[in-house]
Amino acid sequence: AHSTTLTECGRAEIEIGNAMKRLSQTVDSSYLHWLREFINNEVKTAQQGKTDLENARLDYDRAKSLYTRSKEQTPAKKQQIEQTMSQAEAVFKSECSKTGQLLQACI
């Protein structure tokens, strides 16, 4: 009687172990595979968008700073600085829009 019970218990342990192994493989092949792909693709894309946005912001800030300090410049030079600032602002707004779209696509 005890040997039969121990044999059945051993078989149950083997089935539990096999079920755990299948569960681990299923999780790895479905969810973890998707997560790795997401990290390798979407996160890199989002990081690049963040870098581009940060660079555009820095360029825009630099242009605004130049504009603020341009009070003593000639009108032609001041107009050139204003144009540079406007272009930097347009690039910054464009990068904001692109980065927002990238983040929406990631979600």
Side-chain angles (χ1 to χ4, degrees):
H2 290 303
S3 63
T4 305
T5 305
L6 287 174
T7 303
E8 288 177 18
C9 185
R11 286 187 186 133
E13 287 287 328
I14 290 172
E15 287 181 33
I16 290 171
N18 288 335
M20 289 176 67
K21 188 185 288 184
R22 283 192 308 274
L23 175 64
S24 177
Q25 289 170 345
T26 301
V27 168
D28 186 53
S29 68
S30 59
Y31 177 71
L32 293 179
H33 176 72
W34 171 85
L35 185 60
R36 283 185 204 103
E37 290 292 320
F38 178 80
I39 290 170
N40 289 334
N41 298 324
E42 302 298 328
V43 172
K44 284 181 184 176
T45 302
Q47 287 288 7
Q48 183 61 48
K50 177 185 171 192
T51 300
D52 293 345
L53 179 60
E54 183 67 16
N55 289 336
R57 185 192 63 80
L58 291 171
D59 289 344
Y60 180 45
D61 286 348
R62 183 181 56 78
K64 285 193 318 185
S65 178
L66 284 173
Y67 177 75
T68 302
R69 292 181 285 163
S70 70
K71 293 177 183 172
E72 298 174 8
Q73 299 289 335
T74 63
K77 183 69 174 171
K78 194 169 184 175
Q79 184 179 10
Q80 181 185 8
I81 292 171
E82 285 177 6
Q83 184 179 7
T84 301
M85 186 180 73
S86 294
Q87 289 170 345
E89 181 180 16
V91 169
F92 175 69
K93 287 182 178 182
S94 173
E95 286 299 327
C96 281
S97 176
K98 281 197 283 184
T99 302
Q101 290 171 356
L102 281 173
L103 293 176
Q104 286 297 325
C106 288
I107 299 173

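Values below: all heavy atoms of this structure, side chains included; hydrogens, waters and symmetry mates excluded.
Distance check: S86 OG to Y60 OH gives 8.0 Å after rounding to the nearest 0.5 Å. Rounding to the nearest 0.5 Å gives a distance of 10.5 Å between CD of E54 and CG of D59. Here the straight-line distance linking atom CG of L53 with atom NZ of K93 works out to 13.5 Å at 0.5 Å rounding. Note that the NZ atom of K64 and the OG1 atom of T84 stand 15.0 Å from one another [nearest 0.5 Å].
Of all heavy-atom pairs between R57 and D61, the closest is NH1-OD2, 2.6 Å. Scanning all heavy atoms of the two residues, the minimum distance from T45 to L102 falls at CG2-CD2, 3.4 Å. Of all heavy-atom pairs between D52 and E95, the closest is CB-OE1, 3.3 Å. Taking each heavy atom of Y67 and M85 in turn, the nearest pair found is CB-SD, 3.7 Å.
Contact annotation: the side chain of F38 approaches that of V43 to within less than 4.5 Å [non-hydrogen atoms, C-beta and beyond]. When side chains are defined from C-beta on, V27 counts as touching L32, because their heavy atoms get closer than 4.5 Å.
The main-chain N or O of M20 is never found under 3.5 Å from a side-chain atom of S24 such that the two would form a donor-acceptor pair. Without hydrogens or angle criteria, S94 side chain to A90 main chain gives no donor-acceptor distance under 3.5 Å. In this structure, the side chain of T99 does not engage the main chain of C96 through any donor-acceptor pair within 3.5 Å. A donor-acceptor pair is defined here as one N or O able to donate and one able to accept, closer than 3.5 Å; no such pair exists between the side chain of S70 and the backbone of Q73.
Of the charged side-chain nitrogens involved, at least one lies within less than 4.0 Å of a carboxylate oxygen, so that D28 and R36 count as a salt-bridged pair. We find that R11 and E8 are not joined by a salt bridge, their nearest charged nitrogen and carboxylate oxygen being 4.0 Å or further apart. For the pair K78 and E82, the salt-bridge criterion is not met [side-chain N within less than 4.0 Å of a carboxylate O].
By the criterion of side-chain heavy atoms lying less than 4.5 angstrom apart, applied directly or through intervening Ile, Leu, Val, Met, Phe, Trp or Tyr residues, I81 is grouped together with F92 in one hydrophobic cluster. Linking Ile, Leu, Val, Met, Phe, Trp and Tyr whenever their side-chain heavy atoms come within less than 4.5 Å leaves L23 and I14 in two separate clusters.
Other residues, nucleotides and ligands place no more than 12 heavy atoms under 6.0 Å from the CD atom of Q79.
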